[in-house]
Amino acid sequence: MNNQRIAEVFDDIAGLLEIKGEKVFTVRAYQRAARTISRLPTELETMLSDGEDLRQIPGIGKAISDKIGELVDTNRMRFYDNLKSEFPDGMLDLLSVPGLGPKTISRVWKELGVTSVVELEQAASDGRLASLPRLGQKTADNILRSIQFARTQDQRTPIADALPAAERLVAALLERNTAILALAPAGSLRRFEETIGDLDLVCATHDAESVLADFVALPGVAEVLGHGGTKASVLLDDGLQVDFRAVPPRQYGSLIQYFTGSKQHNILLREHANRLGLSLNEYGISDAKTGELEEFDDEESLYRRLGLQYVPPELRMGESEVVLAREGAIPALVQVGDLRGDLHVHTDWSDGRDPIEVMVVAARECGHEYVAITDHSAGLGVANGLSPGRLASHNARLKEVERDAGGIAVLRGSEVDIRADGSMDYPDCALAELDWVVASVHSAMNQQPDVMTERIVSAIRNPHVTAIGHLTTRLIGRRQPIEADFDTIFRAAADTGTVLEINASLERLDLKDVHVRRARELGVTFVIDSDAHTAEHLDNLRFGAAVARRGWCRAEDVLNTLPAYELLALLRLPKPERAGALRARR
Ligand code: DGT
Ligand code: CA
Ligand code: CA
Ligand code: ZN
């Protein structure tokens, strides 16, 4: 059983205990365990079989360690099973409705007899939910929207779950089989779609038989759906399907091109090939007249054969990319290697795990020239945010660490809440002390679109706000984005020289591709940030780069491709001049 699944069990336990009215302390302990487990770099199953003591993990005590052991050994946990038996069957499903807390669940169960998502939807539609004291029409409407949203998301897996699963499979298979010459994800994952229907893996080898045999026997494979000479399909423990194809290396280029898709892109490519008197399939390109097959060991030569510029996977959406490739008009897209720093990073001063000095050293080891440490403002008091007094100490500490670290610029930063009324969570005099201010919405996310637009535009107009963090606040598959007039926001950002963040955390990817593309057209410059809460997460920048590429961004569209001295000079300019400088750069 993988960590994700184990974490879900503890989350369920926390939820059920809370519905039951257990002590906050107990509930928090299970929540903390779930959070810790979901972020562990190593599988618990592996740790246990290596004989490691789980109690060395912060937040995991004896009781929880024993429960994990039982779960890993037997696939069950008596405590969990007993707890579930105290509730009607649909209760756990109710817990997964975004925006519906255990307190409300307990009330709709006891006061309305609601025990399933379908019944809840009914109660939300017919007014019974809104009629509960202290609940109201607005909450009922939000719950209804959540249910309907969750339904459209159900069948596809968020990339935050699919990508680590794919990377685990690739690593495990490479370790087991030495006959593999190339192995990579294709399909929607390679295109970096935010949700994944199924995983597609493609492989180059002279020994497909042994590779396929090892593939279907990988840990985490729950069921083999098909297994032939060149392909196999399996279901993983969590229900995700994986399609696997193996070919000799001389066909690998055609294979990965075909299975990267998208279907629509392939159709346009085939039409283009037909016009040249060629026919394109997963094995190569054949001459329509003679039938002679040309094979391709890499994609570049395949696109070249068709007289096309190479099309990066992130652009293969079946839109304008084939026409542009014919004209040689696909721009050089930004690459993760172009990024020279990270400007949204948390430490243990707020809700991060690691101390400032650890994050700074880790950032330097990533090759960064600069890093902004942006712990939270005090805000709602949930993320251990910094009071203005602690912010001053934070600034002083950052200067000390910068001196000691040597060779990396440490920007005095903050992630400041944009309050519901559009004001900032620190006074201007505190903001003026900072080098870098990320302003983000963390509360009142259900405001009416015009109110929300106004709120964000006021933050953009603040002379000290350098960037807007994770603009839409969506969590892929879990929380809907805010509603706002995005064109107005993008125009205000471009006008004022306020950059918009592409938050690289896989759960967020916010801004999303289509917003990036639109904002770019309207003159916005972006910053690609990891939003790291641990040192390992600094590596997330690569995901942000992929989103930027899906939004057709070049290096010039991204602020943190600048060398340190140019960035610092730019930040010293007042915003109106900075806006001019950013425009000149594009
Ligand atoms: P997904 O799995 O729904 O997230 O999206 P994809 O794009 O990964 O789709 P999938 O797994 O059905 O197929 C992988 C790729 O294989 C797809 O992007 C293009 C190619 N492919 C599959 N079936 C067809 C087809 O019938 N026609 C063409 N032209 N390409 C196909
Ligand atoms: Ca797929
Ligand atoms: Ca597939
Ligand atoms: Zn943050």
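When a residue number appears, it is its place in the shown sequence, counting from 1. Numbering of ligands and ligand atoms starts at 1, following listing order. All values derive from a computational prediction rather than experimental measurement.
- Proximity of Leu509 to Asn503: side-chain heavy atoms (C-beta onward) are nowhere separated by under 4.5 Å.
- At a threshold of 4.0 Å, the pair Glu501-Arg508 does not count as salt-bridged, since none of the basic side-chain nitrogens sits closer than that to a carboxylate oxygen.
- Salt bridge present: Glu357 and Arg397 bring a charged side-chain N and a carboxylate O closer than 4.0 Å.
- Each of Ile373, Val371, Thr374 was evaluated against Trp436; a single residue qualifies, Thr374, per the side chain to side chain contact (heavy atoms under 4.5 Å, CB included) test.
- Under a 3.5 Å cut-off, the side chain of Arg32 and the backbone N or O of Gly59 do not form any donor-acceptor pair.
- Side-chain contact between Met445 and Arg479 is present, with at least one heavy-atom pair separated by less than 4.5 Å.
- Around the Zn ion (ligand 4), protein N, O or S atoms at less than 2.8 Å comprise His344 NE2, His346 NE2, Glu415 OE1, Asp531 OD1.
- Counting only heavy atoms from C-beta outward, the side chains of Val361 and Glu365 approach each other to under 4.5 Å.
- Side chain of Lys575 to main chain of Asn462: a donor-acceptor pair is present (N/O by atom type, distance under 3.5 Å, no hydrogens or angles).
- Protein N/O/S atoms closer to the Ca ion (ligand 2) than 3.0 Å number 3 in this structure.
- We find that Glu299 and Arg190 are joined by a salt bridge, their nearest charged nitrogen and carboxylate oxygen being less than 4.0 Å apart.
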